[in-house]
Amino acid sequence: MEWIAAGIFGLLIGAVGLWTGLKQLRNRSQLNRWPTTPGKVVERSVYQPNIPSLGPPAFRHAPLVKYVYQVGGKEFTNDCINPKRIQLPGINTYKWAQKKAASFPDDVLVYYNSTDPSESYLKQTSLTALVIVVAVSCLVGLYGILLLIFQLART
């Protein structure tokens with residue numbers, strides 16, 4: 001009975017992961033079509049985001065890159081490095097976050113939402129990471145299916 005439960009669990013985890021990965025790939029594709037505008041970095045620092053983390057406090061620092069940009073004659077300020085629709089801020093050590101924040105030049109290219117220009121980002125989420133999520137989800141789902149097939153064949 002526990003093999004059937006494990007198979008169902010693997011199938012569910014794989015299905016949810018696959019759905020999430022494909023949804024985020026579609027989001028990434030839409031975000032790639034956002035228009036761009038030049039921006040200027042006005043602040044570089046480090047902060048501790050208020051997101052759940054299993055790591056120790058020493059590994060809970062994120063880079064803060066605040067930038068300004070103009071769309072339609074109106075000025076906007078934002079601090080999203082990656083698109084919030086896909087990815088939370090990356091966290092690691094204080095030194096890592098400082099180095100990451102310092103890696104952005106003074107003049108940046110800002111991707112902004114044409115329907116809500118206050119929503120923007122500087123750097124797209126890695127395609128490789130999203131493809132890995134999809135691939136691992138498929139493997140987990142396949143493993144769950146195999147567990148179910150072998151258990152049903154044994155009975």
Side-chain angles (χ1 to χ4, degrees), residues 1-37 39 44-67 69 71 76 78-104 108-155:
M1 183 65 183
E2 59 271 354
W3 289 102
I4 292 176
I8 292 170
F9 184 71
L11 185 59
L12 287 173
I13 293 294
V16 168
L18 181 62
W19 177 78
T20 301
L22 292 175
K23 181 181 177 192
Q24 298 305 358
L25 281 170
R26 186 177 57 234
N27 279 344
R28 186 182 188 283
S29 175
Q30 291 171 348
L31 291 167
N32 278 340
R33 291 191 293 270
W34 279 11
T36 59
T37 188
R44 290 180 189 85
S45 61
V46 174
Y47 75 107
Q48 289 188 336
N50 189 16
I51 56 175
S53 175
L54 297 176
F59 290 92
R60 293 188 185 156
H61 300 281
L64 174 68
V65 178
K66 205 173 267 191
Y67 51 93
Y69 57 99
V71 176
F76 296 93
N78 204 338
D79 63 359
C80 292
I81 294 174
N82 298 100
K84 281 187 178 179
R85 294 182 183 193
I86 298 178
Q87 181 176 346
L88 292 172
I91 56 173
N92 205 320
T93 63
Y94 186 85
K95 192 173 187 176
W96 172 86
Q98 265 186 324
K99 187 176 178 181
K100 190 82 164 169
S103 71
F104 286 89
V108 290
L109 187 62
V110 179
Y111 294 84
Y112 67 92
N113 184 346
S114 58
T115 57
D116 178 14
S118 65
E119 183 181 11
S120 64
Y121 68 92
L122 297 177
K123 187 177 167 195
Q124 182 60 280
T125 300
S126 166
L127 177 62
T128 304
L130 294 176
V131 169
I132 288 172
V133 168
V134 170
V136 168
S137 298
C138 287
L139 290 175
V140 169
L142 181 61
Y143 182 72
I145 290 170
L146 290 176
L147 280 177
L148 287 172
I149 290 172
F150 288 135
Q151 185 59 33
L152 292 174
R154 286 182 17 179
T155 57

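Computed from heavy atoms alone, side chains included, the values below leave out hydrogens, waters and symmetry copies. One-based numbering along the sequence shown.
No side-chain heavy atom of L31 sits under 4.5 Å from any side-chain heavy atom of Y111.
Distance CG/L25 to CG/L127: 6.5 Å, rounded to 0.5 Å. Rounded to the nearest 0.5 angstrom, T36 OG1 and L109 CG are separated by 4.5 Å. With rounding to the nearest 0.5 angstrom, the CD atom of Q124 is 9.5 Å from the OG atom of S29. Taking CZ of R154 as the reference point, atom CD1 of I4 lies at 9.5 Å (rounded to 0.5 Å). Here the CH2-OH distance, from W34 to Y121, works out to 6.5 Å after rounding to the nearest 0.5 Å. Distance OG1/T125 to CD1/I81: 11.5 Å, rounded to 0.5 Å.
The two residues G14 and V140 have their closest heavy-atom pair at N-CG1, 3.9 Å. Taking all atoms of both residues into account, the shortest heavy-atom contact from Q24 to R85 is OE1-O, 3.4 Å. Nearest heavy atom pair, residue I91 against residue A62, reads CG2-CB, 4.2 Å. In plain terms, the two heavy atoms of P49 and R60 that are nearest each other are CD-O, 3.6 Å. When all heavy atoms of P35 and S114 are compared, the closest pair comes out as CG-CB, 4.1 Å. For the pair K123 and P83, the tightest heavy-atom approach, listed with the atom from each and the gap, is O-CD, 3.3 Å.
The number of heavy-atom neighbours closer than 6.0 Å to OH of Y47, taken from other residues, nucleotides and ligands shown, is above 12. At most 12 non-hydrogen atoms from other residues, nucleotides or ligands lie less than 6.0 angstrom from OH of Y143. More than 12 heavy atoms of other residues, nucleotides or ligands lie within 6.0 Å of CG in N32, so this atom counts as buried by the packing criterion.
In this structure, the side chain of N78 engages the main chain of S118 through a donor-acceptor pair within 3.5 Å.
For the pairing with S137, the side chain to side chain contact (heavy atoms under 4.5 Å, CB included) check across I132, T20, L22, L18 returns one residue only, L18.
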**Prompt:** side-chain hydrogen bond (donor to acceptor under 3.5 Å, both in side chains) between S120 and Y69: does it pass, once the steps are laid out?
**Reply:** CA-CA 10 Å; S120 64; Y69 57 99; 3.2 Å; yes
